[in-house]
**Q** 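Here's a structure for you.
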2 protein chains.
Amino acid sequence: MSSLGYAVRMSLKIALLGLLDAKGPASGYDLAKAFESSISNAWQAGHTQIYPELVKMAADGLVAVESEGARNRKIYAITPEGARLVRSWLIEHQPTAAMRSEVALQAFLLPLLDREDAIEVVLRLRRQFSERLAGLECRPVVKASGFGRYALRLGIAQGRAALDWADDTLAELREAGRDGEGSPAETGPRPPEAGLGASEAGPGTSAAEGE
Amino acid sequence: MSSLGYAVRMSLKIALLGLLDAKGPASGYDLAKAFESSISNAWQAGHTQIYPELVKMAADGLVAVESEGARNRKIYAITPEGARLVRSWLIEHQPTAAMRSEVALQAFLLPLLDREDAIEVVLRLRRQFSERLAGLECRPVVKASGFGRYALRLGIAQGRAALDWADDTLAELREAGRDGEGSPAETGPRPPEAGLGASEAGPGTSAAEGE
DNA sequence: GCTTGACATGTCAGTCCTTACATGTCACTT
DNA sequence: AAGTGACATGTAAGGACTGACATGTCAAGC
């Protein structure tokens, strides 16, 4: 389809192959469980994605299937070709930094709320960060040599950063409440912010917040 | 369709409404530009998503359209109903923490590589974090009262955390190279890691790395 | 014997999202 | 006058993904 054809949109493949490579042969069900636990920090996928993908990868020779009698279990094992694909993706593929985070979106839109509501929202986010962080930190893999240790540490570092952000933001919001008493965002529905609408501003004003 | 119906899968709607609310009336083109710059830190969307979504939202009464003659421009403005929707989403919607990050996936799979390759990968990730962070930090919105300041600070905090992770990981990988000389992961294709395949291990071993 | 719940695998409708294609305007330069 | 490039809006094919539905096995407890 595309001119790249390779290394685009194959993260699910890679995640499955990586799990099979790291932990040995497994069934689709096992892999689905792994997406809920060990790899949840890096990628998510449900069984409705996993089962068809395993069939495709078997057809492509990236994994080998073996039907085990008990409970219709089908055991998948990575092939040398599959192992090669994971490694070349890791070494060659520059990951995209595309952001799509509901949390960041709420942070972005925070100034739309008045002070009290904003504080409530940040408190809820803080609680969420805290719970997530606790869930990560109690895993035994962190200091040991468990397989997911690098991703786990990254998740913990970013969770702590988010928690610090929440604390700083709460402090600023409460600070703004003590003096002034008008929150910075509720002084009007449409502050003159060098808007997007180029039609109602003169030329040359569109450089605000540029990347 | 679903039993929730509301507040699910509407992040794009919310992002568009939030931009219109914050910055005033704008065209689809303007909004697409905003997704490349100001809000890129929180959500991404191309114009092929934005134009149809604006049409839908206009039909739902969340935005009002006004055709401006010049260059077929269509100016969209948020309606009171749209503004209500953004605020209720912000206050009521608990964001999902669903992770789907190629960077985290590479971190997760790092132990599959031998030491030299792993170092190369982490160096590349570090460079990427560094560039991204520089791009964020040079924006004038950080300390000022620009609209996206909260999301920007969150992005910077998480970027710094990622950078620190890269430095720590590099240090560990290089440390492991000085003594031992066999990298922790290349001592065999299949270390006994309490695998996923329940069929080849006794019962009770599946608690490793559980969530 | 029967129920319950974990195990195990799948399909399907519908939505989301990306890539590629398609069209036309306007300002500026050559 | 023609070309270039930013402006501006769309459509369509196809893959990715979710949620709901569907089916059946097996072990443990009542």
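Below, read A as the first sequence line, B as the second, and so on, with proteins coming before strands; counting in each chain starts at 1.
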**Q** For a side-chain hydrogen bond (donor to acceptor under 3.5 Å, both in side chains) check, start with the C-alpha distance between B:Q106 and B:R124, then their side-chain angles and the critical distance, and finish with the verdict.
**A** CA-CA 11 Å; B:Q106 292 205 340; B:R124 191 190 56 215; 2.9 Å; yes
**Q** Ignoring backbone atoms, establish whether B:T48 has a side-chain N or O less than 4.0 Å from OP1 or OP2 of C:dA20.
**A**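 The answer is no; no side-chain N or O of B:T48 sits under 4.0 Å from OP1 or OP2.
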**Q** Can you check the B:R73 CZ to C:dT23 P distance for me, whole Å?
**A**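 Atom CZ in B:R73 sits about 24 Å away from atom P in C:dT23.
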**Q** Compare the minimum distances between each of D:dC17, C:dG10, D:dT18 and the side chain of A:W43, then state the nucleotide with the smallest one.
**A**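 Among the listed nucleotides, the one closest to the side chain of A:W43 is D:dC17.
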**Q** Rounded off to whole Å, could you give me the OH-to-C1' distance for the B:Y29 and D:dA6 pair?
**A**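 Taking OH of B:Y29 and C1' of D:dA6, I get 6 Å after rounding.
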**Q** May I have the distance from A:N72 (atom CG) to D:dA27 (atom P), rounded to whole angstrom?
**A**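 Distance check: A:N72 CG to D:dA27 P gives 14 Å.
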**Q** Rounded to the nearest angstrom, tell me the gap between atom NZ in A:K56 and atom P in D:dC17.
**A**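 Atom-to-atom, A:K56 to D:dC17, this comes out as 10 Å.
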**Q** On DNA chain D, nearest-nucleotide positions of A:Q44 versus B:V55: which is more 5'?
**A**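 Going by which nucleotide is closer to the 5' end, it is B:V55.
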**Q** Indicate yes or no: at least one non-hydrogen side-chain atom of A:W43 is less than 4.5 angstrom from one of A:I14.
**A**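 Side-chain contact under 4.5 Å: no.
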**Q** Measure the acute angle between the ring planes of B:Y51 and B:H47, then classify it against the limits of 30° and 60° as parallel, tilted or perpendicular.
**A**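 Rings of B:Y51 and B:H47: perpendicular, as their planes differ by over 60°.
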**Q** Return the value, rounded to whole Å, for the distance between atom CZ of A:F35 and atom P of C:dA8.
**A**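 About 17 Å, once rounded to whole Å.
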**Q** Using a cut-off of strictly less than 4.0 Å, decide whether A:K33 has a side-chain nitrogen or oxygen near OP1 or OP2 of C:dA8.
**A**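 For C:dA8, neither OP1 nor OP2 has a side-chain N or O of A:K33 closer than 4.0 Å.
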**Q** Checking all strands, does B:E53 fall into the base, sugar-phosphate, or nothing category for heavy-atom contacts under 4.0 angstrom?
**A**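 Since no nucleic acid heavy atom lies under 4.0 Å of B:E53, the category is nothing.
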**Q** Tell me whether the side-chain N/O atoms of B:Q49 come closer than 4.0 Å to OP1 or OP2 in C:dC16.
**A**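 So the side chain of B:Q49 is outside the cut-off, no N or O lying under 4.0 Å from OP1 or OP2 of C:dC16.
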**Q** So does A:D167 pair up with A:R126, basic N to acidic O under 4.0 Å?
**A**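 Answer for the salt bridge query: yes.
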**Q** Nearest-Å distance, CG (B:L31) to C1' (D:dG10)?
**A**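 About 16 Å, once rounded to whole Å.
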**Q** Return whichever of B:G28 or B:R100 has its heavy-atom-nearest nucleotide of DNA chain D closer to the 5' end.
**A**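 Whichever sits nearer the 5' end wins; that is B:G28.
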**Q** Need one value for A:K13: base, sugar-phosphate or nothing, where a base atom within 4.0 Å counts as base even if backbone is also close, heavy atoms only.
**A**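 Here A:K13 touches no strand at all.
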**Q** Over how many whole Å does the gap from A:Y51 atom OH to C:dC12 atom C1' extend?
**A**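 About 17 Å, once rounded to whole Å.
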**Q** Check whether A:W89 reaches the backbone of A:S11 with its side chain - one donor and one acceptor, N or O, closer than 3.5 Å.
**A**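 No, the answer is negative, given that no donor and acceptor are paired below the 3.5 Å cut-off.
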**Q** Take B:R71 and B:H47, find for each the nucleotide of DNA chain C with the closest heavy atom, and name the residue whose nucleotide sits nearer the 5' end.
**A**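 Closest to the 5' end, via its nearest nucleotide, is B:H47.
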**Q** Could you state the NZ-C1' distance from A:K74 to C:dC7, rounded to the nearest angstrom?
**A**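 The distance from NZ of A:K74 to C1' of C:dC7 comes to 15 Å, rounded to the nearest Å.
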